[in-house]
Amino acid sequence: LATGPRQNNGIFYEIRTYDIKPAKMKEFLEMVSKYIHFRTAHSELVGFWYSELGAMNKVLHIWKYDNFAHRTAVRHALANDKDWQGKFISAALPLVEKQHNEVAYLVPWCQLGKPSKEGGVYEWVTFQMKPGGPALWGEAFRAAINAHINTGYTKLIGVFHTEYGLLNTVHVLWWNESPDQRAAGRHSAHEDARVVAAVRDSVRFLESQQNVLLIPLQCSPLK
């Protein structure tokens, strides 16, 4: 029921979320920064972040694949990459408490964006929508996103709809110059009648929502 309209190609994004042992976050992030080039030699990294607000001791990273055969080939190559396995995986896995992955497509009306400048913060908003997929709630959801865009206080980076993982989930990635700029803009948006009307229409299809403030690593392409 979740599968709906998507980009007219096979490209998808693997969203990986790791829970890191609380005392080991600094060590884990240092290892990522030092060895991530072994991983990015095999496929494209969209972004790598750690949570600041809304969740603790989590990292989130997004990888782009041309199709499922491409991902299979990459995973096979990684399993045989002695540098990646020996220098990173063997040392990093003991620092990780839990791993979770999802496969998602960009919705057809969204292209992957870039921030206006480096040095801001990202907001990862997860919407759990009612079963039925975009045929049921897609139009209202798009209107709500566009209403926020039109206020001008925030920058849309991407809207991802899950294909594997918890279905009828939509992740929206926003960029803001700072948490305070985001807070001020959001307060203003909630007083905008156009935003209020669009959100009121969309929320009819919403089951739950979670927001996480993310900080990009220096090695992240999106930063």
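Computed from a predicted model, the values in this text were never measured in an experiment. Note that these values count all heavy atoms, side chains included, but never hydrogens, waters or copies made by symmetry.
The list of side-chain hydrogen bond (donor to acceptor under 3.5 Å, both in side chains) pairs with a residue in residues 79-97, not counting sequence neighbours, reads H42-D81.
At a threshold of 4.5 Å between side-chain heavy atoms, the hydrophobic network of Ile, Leu, Val, Met, Phe, Trp and Tyr places I215 and L53 in one connected group. Tracing side-chain contacts under 4.5 Å through hydrophobic residues (I, L, V, M, F, W, Y), one never reaches L166 starting from V172; they form parts of separate clusters.
The line from NZ of K155 to CG of L173 is 11.5 Å long, rounded to the nearest 0.5 Å. Here the straight-line distance linking atom CZ of F160 with atom CD of E14 works out to 12.5 Å at 0.5 Å rounding.
Considering all non-hydrogen atoms of both residues, A140 and F205 come closest at CB-CE1, 3.8 Å. The minimum heavy-atom distance between A143 and A198, with the atom names listed, is O-CB, 3.8 Å. Residues L206 and S208 approach most closely at CD1-O, 3.1 Å, considering heavy atoms. Between V159 and C110 the shortest heavy-atom distance is N-SG, 3.4 Å.
A donor-acceptor pair under 3.5 Å links the side-chain atoms of R204 to the main chain of D201, judged by distance alone. In this structure, the side chain of S220 does not engage the main chain of G47 through any donor-acceptor pair within 3.5 Å. Between the side chain of T40 and the backbone N or O of I36 there is at least one donor-acceptor pair closer than 3.5 Å. A side-chain donor-acceptor contact under 3.5 Å links S178 to the backbone of Q181.
With sequence neighbours excluded, the residues forming a ring-ring contact (aromatic ring centres under 6.0 Å, His included) with F141 are F127, listed by chain and number.
The closest side-chain heavy-atom distance from Y18 to H61 is below 4.5 Å. Looking at V199 and H148, their side chains come closer than 4.5 Å, going by heavy atoms from C-beta outward. Between V74 and R39 there is a side-chain heavy-atom pair separated by less than 4.5 Å. Put simply, the side chain of I149 reaches to within 4.5 Å of the side chain of W174, judged on heavy atoms. Using a 4.5 Å heavy-atom cutoff, the side chains of P179 and L213 are in contact. Two residues are said to be in side-chain contact when any heavy atoms from C-beta on lie closer than 4.5 Å; W49 and V59 fail this criterion. Taking 4.5 Å as the limit, every side-chain heavy atom of V121 sits out of range of all side-chain heavy atoms of E52. A 4.5 Å side-chain heavy-atom check between D19 and N57 finds every atom pair outside the cut-off.
Taking the six-membered ring where the residue is Trp, the centroids of F88 and F38 are separated by 6.0 Å or more.
Tested against H70, the residues Y65, F12, W63 include a single ring pair (Phe, Tyr, Trp, His ring centres under 6.0 Å) partner, Y65.
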- Task: Determine, stepwise, if the pair S33 / L217 fulfils side chain to side chain contact (heavy atoms under 4.5 Å, CB included).
- Result: CA-CA 8 Å; S33 297; L217 275 65; 4.0 Å; yes

- Query: Would E207 and N168 count as a side chain to side chain contact (heavy atoms under 4.5 Å, CB included) if you check the C-alpha gap in whole Å, the side-chain angles of each, and the deciding distance to 0.1 Å?
  - Reply: CA-CA 10 Å; E207 293 193 340; N168 295 293; over 6 Å; no

